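Notes follow once the structure below has been shown.
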Amino acid sequence: MSTQTLARQPATRRRAGAWVRTGAWGALALFLAAFAVFEAQKYGVPTTAAAVLFFLLPDAAARFAAGHRRVLALAHNAWLPTAVLVGYTVTPVVWPPLFTAGLGWLTRLAIARTVRRG
């Protein structure tokens, strides 16, 4: 969809699309958070620590890499944790902290996009 097409659409239609997008990110955030809690309870302390650390990763990147836009862009890119989750699912790797780290990271990004900070 081009910029000209968006400009021709009524403002209510654009706002409705934003609500749908925000609602979808919110639903994904709830699902991912519940799944991360389930996995952390199932596998114990290492998975809990990985989920919490990677949940805080985008904020830590914003704090410590303030001058480096590429690091911030990578930390706030939803494709990286998605690639971790998909890669863990389709490969023979069996290390649950890696999976919960991806869940925690993607949960944080979904929450940020739900409250429109990402």
Side-chain angles (χ1 to χ4, degrees):
M1 197 178 283
S2 70
T3 308
Q4 292 175 350
T5 307
L6 286 175
R8 292 181 192 158
Q9 292 177 351
T12 55
R13 183 168 179 187
R14 281 181 282 174
R15 278 189 245 130
W19 279 99
V20 170
R21 191 175 314 117
T22 302
W25 277 112
L28 180 65
L30 287 173
F31 172 75
L32 291 170
F35 197 29
V37 168
F38 170 75
E39 290 291 323
Q41 186 274 333
K42 183 177 175 183
Y43 291 108
V45 175
T47 56
T48 305
V52 170
L53 285 173
F54 276 80
F55 183 83
L56 299 174
L57 177 73
D59 292 330
R63 183 170 300 238
F64 296 117
H68 304 288
R69 289 181 180 249
R70 289 183 181 169
V71 173
L72 288 173
L74 284 174
H76 288 88
N77 187 349
W79 288 108
L80 289 175
T82 303
V84 169
L85 294 173
V86 170
Y88 183 86
T89 303
V90 299
T91 61
V93 175
V94 181
W95 194 50
L98 178 64
F99 187 71
T100 56
L103 285 174
W105 190 1
L106 194 55
T107 301
R108 171 62 178 85
L109 295 178
I111 290 171
R113 290 181 181 168
T114 300
V115 296
R116 296 184 183 181
R117 291 190 322 166

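Because the structure is a prediction, the values reported are computed rather than measured. Computed from heavy atoms alone, side chains included, the values below leave out hydrogens, waters and symmetry copies. Counting from 1, the numbers follow the sequence of the chain as shown.
- No chain of hydrophobic side-chain contacts below 4.5 Å, direct or via other Ile, Leu, Val, Met, Phe, Trp or Tyr residues, connects Val52 to Leu103.
- In the hydrophobic cluster analysis, where Ile, Leu, Val, Met, Phe, Trp and Tyr join through side-chain heavy atoms closer than 4.5 angstrom, Trp95 is grouped together with Phe35.
- Contact detail for Pro81 and Gly102: the closest heavy-atom pair is CB-O, 3.7 Å.
- Minimum interatomic distance between Thr47 and Glu39 (heavy atoms only, all atoms of both residues): OG1-O, 3.7 Å.
- The shortest distance between side-chain heavy atoms of Leu106 and Phe54 does not fall below 4.5 Å.
- Thr100 has its side chain out of reach of Thr48: every pair of non-hydrogen atoms, C-beta onward, lies at least 4.5 Å apart.
- For the pair Ile111/Thr107, a side-chain contact is recorded, criterion being any heavy-atom separation below 4.5 Å from C-beta on.
- Closest approach of Val93 and Tyr88 over heavy atoms only: O-CE1, 3.6 Å.
- Follow the hydrophobic side-chain contacts under 4.5 Å out from Val86 and you never reach Trp79; the two are in separate clusters.
- Residue Leu30 holds its CG atom at 13.5 Å from CH2 of Trp25, rounded to the nearest 0.5 Å.
- Nearest heavy atoms, Leu109 versus His76: CD2-CA, 3.7 Å.
- To the nearest 0.5 angstrom, Thr82 atom OG1 is 9.5 Å from Trp105 atom CH2.
- Minimum interatomic distance between Val71 and Ala61 (heavy atoms only, all atoms of both residues): CG1-CB, 4.5 Å.
- For the pair Ala75 and Pro58, the tightest heavy-atom approach, listed with the atom from each and the gap, is O-CG, 3.8 Å.
- For the pairing with Arg108, the side-chain contact (heavy atoms from CB on, under 4.5 Å) check across Leu32, Leu57, Leu56, Asp59 returns one residue only, Asp59.
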